[in-house]
Amino acid sequence: MTGGVMDRLPGEAGAAPVAAAAEAEADEEADPPAADSPTPQVSQRRDPHPSRMQMPQGNPLLLSCTLQELLARDTVQVELIPGKKGLFLKHVEYEVSSQRFKSSVYRRYNDFVVFHEMLLQKFPYRMVPALPPKRVLGADREFIEARRRALRRFINLVARHPPFSEDVALRLFLSFSGPDVQNKLKESAQCVGDEFMNCKLAPRAKDFLPADIQTQFAVSRELIRNIYNSFHKLRDRAERIASRAIDNAADLLIFGKELSALGSDTTPLPSWASLNSSTWGSLKQALKGLSVEFALLADKAAQQGKQEENDVVEKLNLFLDLLQSYKDLCERHEKGVLHKHQRALHKYSLMKRQMLSAAVQSREPESVEQLESRIVEQENAIQTMELRSYFSLYCLHQETQLVHAYLPLTSHILGAFVNSQIQGHKEMSKVWNDLQPKLSCLFAGPSSSLLPPGPLQDGRSSH
């Protein structure tokens, strides 16, 4: 690789896909940007609006927010509106309610898509969570519910992200109640440029980076990759635990119904069994009454499963979505900023060789001047890309801190899991204890004396 800034940037680094229009013009021979790597619309840096991107006090590289502060920024609910569109018609609408803005608006999935595109365009060097997949043919209720949950996680991560939470696009998405929010979002992004163009400290980002940024970033990236893998396994097991609780509820309910059906059987006893008719009648009466307790047990088990889905599995999914957005950011950085910078340096090297060749061959002065002009333009483009590379690393450093700020969510998840298990077993234990006395009539002998059964020992006598 050609010497220069690329030699000083971490090969393991990862963040954003975007380069300014000036870079694209100076690199016409390069490949077009990928679909998930939007190119900023404005090539010239400008002074930002005074209400945006102000120079922070102290060391701007360091984030001081805690998990509690992040969660307190906003809580957004996303609920399906079955009354207006239904579950199986062409479009599904959601009611999106924000505590911060005290707003409630209707949004469709495509509105989320446009909002997501605006975030990538304006904040290419930040963790933009991924959206759930689009509707598939024959989508059922389970798919629609899973997508609703994923959209809720997406918008809450965005609403609590420090730079995103102060952007006009978020306010529009959560509070604009006009007829066409998509055009409103696109208009708000016109001629604005990305974060690099609007941040006063972007040209000085290199000054704030630690000297060992390469080592720090490589270690942090590996750590977060390992955390993601572990949390992915935890989520899978938590899903199975919650699913087993719901399956247990269904089994208990069926078990009780079968006992009730047995107790309600009206088939007459044959004459040779008439001596035990009173015993069978009492037994049927007792069995019939047990269905109520088993229905209650099923309800408690179902409540525990649903609670663990909401308080454990969903929180794990939220954290996994955040970690995945960090991994995506790293990939965008490597395939976007660093790759474009390398291509620009290569093109600059080719131009210099052409310049030397032209001087040796004594070409027309006009052609030499044009080549010199192109070289100057390419040098400017390389300088811009170098600034973007350092700003990308600057943002990556902050996003790494943000991921670590979310790590205490682990204690919330474990606490919710333990509390659910304690509460669920406590409530079910009470029902089982209430059920036990009602079994006494099942063990009545011929003289109505209670004969509670001892433990079965594979048919062997206890004498």
Side-chain angles (χ1 to χ4, degrees), residues 10-15 36 63 65-71 126-133 145-147 149-162 212-247 304-335 393 395-425:
E12 285 259 342
D36 60 346
L63 295 179
C65 54
T66 65
L67 176 62
Q68 288 72 21
E69 292 170 341
L70 290 171
L71 297 179
R126 300 289 182 180
M127 295 186 298
V128 180
L131 286 175
E145 171 60 15
R147 190 171 71 172
R149 288 173 177 262
L151 290 173
R152 183 178 63 184
R153 296 195 301 269
F154 163 80
I155 194 61
N156 275 283
L157 286 173
V158 169
R160 294 163 180 170
H161 190 285
D212 61 342
I213 181 63
Q214 299 188 39
T215 302
Q216 283 193 29
F217 192 78
V219 171
S220 295
R221 189 178 184 187
E222 181 64 24
L223 172 63
I224 291 174
R225 182 187 292 114
N226 294 337
I227 291 174
Y228 175 88
N229 293 335
S230 294
F231 269 83
H232 196 281
K233 295 176 182 177
L234 288 172
R235 191 277 313 275
D236 290 347
R237 295 300 163 178
E239 281 184 337
R240 293 181 62 180
I241 292 172
S243 178
R244 281 200 298 270
I246 295 174
D247 290 343
Q304 181 179 347
K306 291 297 183 182
Q307 183 177 352
E308 289 173 356
E309 280 185 346
N310 294 327
D311 296 342
V312 180
V313 176
E314 269 302 290
K315 285 187 174 69
L316 287 169
N317 279 327
L318 178 78
F319 192 48
L320 283 172
D321 289 350
L322 178 74
L323 296 175
Q324 183 61 53
S325 68
Y326 182 86
K327 293 172 64 180
D328 294 342
L329 179 62
C330 294
E331 187 174 351
R332 291 204 306 271
H333 179 78
E334 287 186 332
K335 293 183 177 180
L393 284 173
C395 294
L396 269 168
H397 199 289
Q398 288 190 330
E399 299 301 274
T400 304
Q401 296 175 65
L402 189 60
V403 170
H404 284 272
Y406 268 94
L407 281 176
L409 190 64
T410 307
S411 61
H412 292 243
I413 295 170
L414 290 176
F417 178 62
V418 171
N419 290 337
S420 173
Q421 290 290 319
I422 292 174
Q423 186 67 21
H425 284 86

Interatomic spacing from [atom1] in [X] to [atom2] in [Y] - rounded to 0.5 Å:
| X | Y | atom1 | atom2 | result |
| --- | --- | --- | --- | --- |
| Leu414 | Leu234 | CG | CG | 8.0 Å |
| Leu71 | Glu69 | CG | CD | 10.5 Å |
| Gln398 | Gln401 | CD | CD | 6.5 Å |
| Arg160 | Leu70 | CZ | CG | 8.5 Å |
| Ile422 | Gln304 | CD1 | CD | 11.0 Å |
| Tyr228 | Arg235 | OH | CZ | 7.0 Å |

Do any N or O atoms from the side chain of [X] and from the backbone of [Y] form a donor-acceptor pair under 3.5 angstrom?
| X | Y | value |
| --- | --- | --- |
| Arg332 | Arg126 | yes |
| Gln307 | Ser420 | no |
| Ser220 | Gln216 | yes |

Would you name the heavy atoms of [X] and [Y] that are closest together and state the gap between them?
| X | Y | result |
| --- | --- | --- |
| Pro408 | Leu67 | C-CD2, 3.8 Å |
| Leu322 | Leu157 | N-CD1, 3.9 Å |
| Ala238 | Val312 | CB-CG1, 4.0 Å |
| Lys315 | Asp311 | CD-O, 3.2 Å |
| Ala405 | Cys65 | CB-O, 4.0 Å |
| Glu308 | Ala242 | OE1-CA, 3.8 Å |

Look at the rings of Phe319 and Phe231 and say which category their plane angle falls in: under 30° parallel, 30 to 60° tilted, over 60° perpendicular.
perpendicular
Member of Leu320, Val403, Leu323, Thr410 meeting the side chain to side chain contact (heavy atoms under 4.5 Å, CB included) criterion with Ile227:
Leu323
According to salt bridge (Lys or Arg N to Asp or Glu O under 4.0 Å), who are the partners of Glu145, at least two apart in sequence or on a separate chain?
Arg148, Arg149
Identify, with sequence neighbours excluded, every residue that meets salt bridge (Lys or Arg N to Asp or Glu O under 4.0 Å) alongside Lys306.
Glu309
Just checking Arg244: does its CZ atom have more than 12 heavy atoms from other residues, nucleotides or ligands closer to it than 6.0 angstrom?
yes
So [Y] and [X], do their side chains get closer than 4.5 Å, heavy atoms only?
| X | Y | value |
| --- | --- | --- |
| His161 | Glu399 | yes |
| His397 | Thr400 | no |
| Leu409 | Leu318 | yes |
| Pro129 | Ile155 | no |

Is the shortest distance from a Lys or Arg side-chain nitrogen in Glu334 or Arg221 to a carboxylate oxygen in the other one below 4.0 Å?
yes
Given His404 and Leu407, is the side-chain contact (heavy atoms from CB on, under 4.5 Å) satisfied, shown in steps?
CA-CA 5 Å; His404 284 272; Leu407 281 176; 3.4 Å; yes
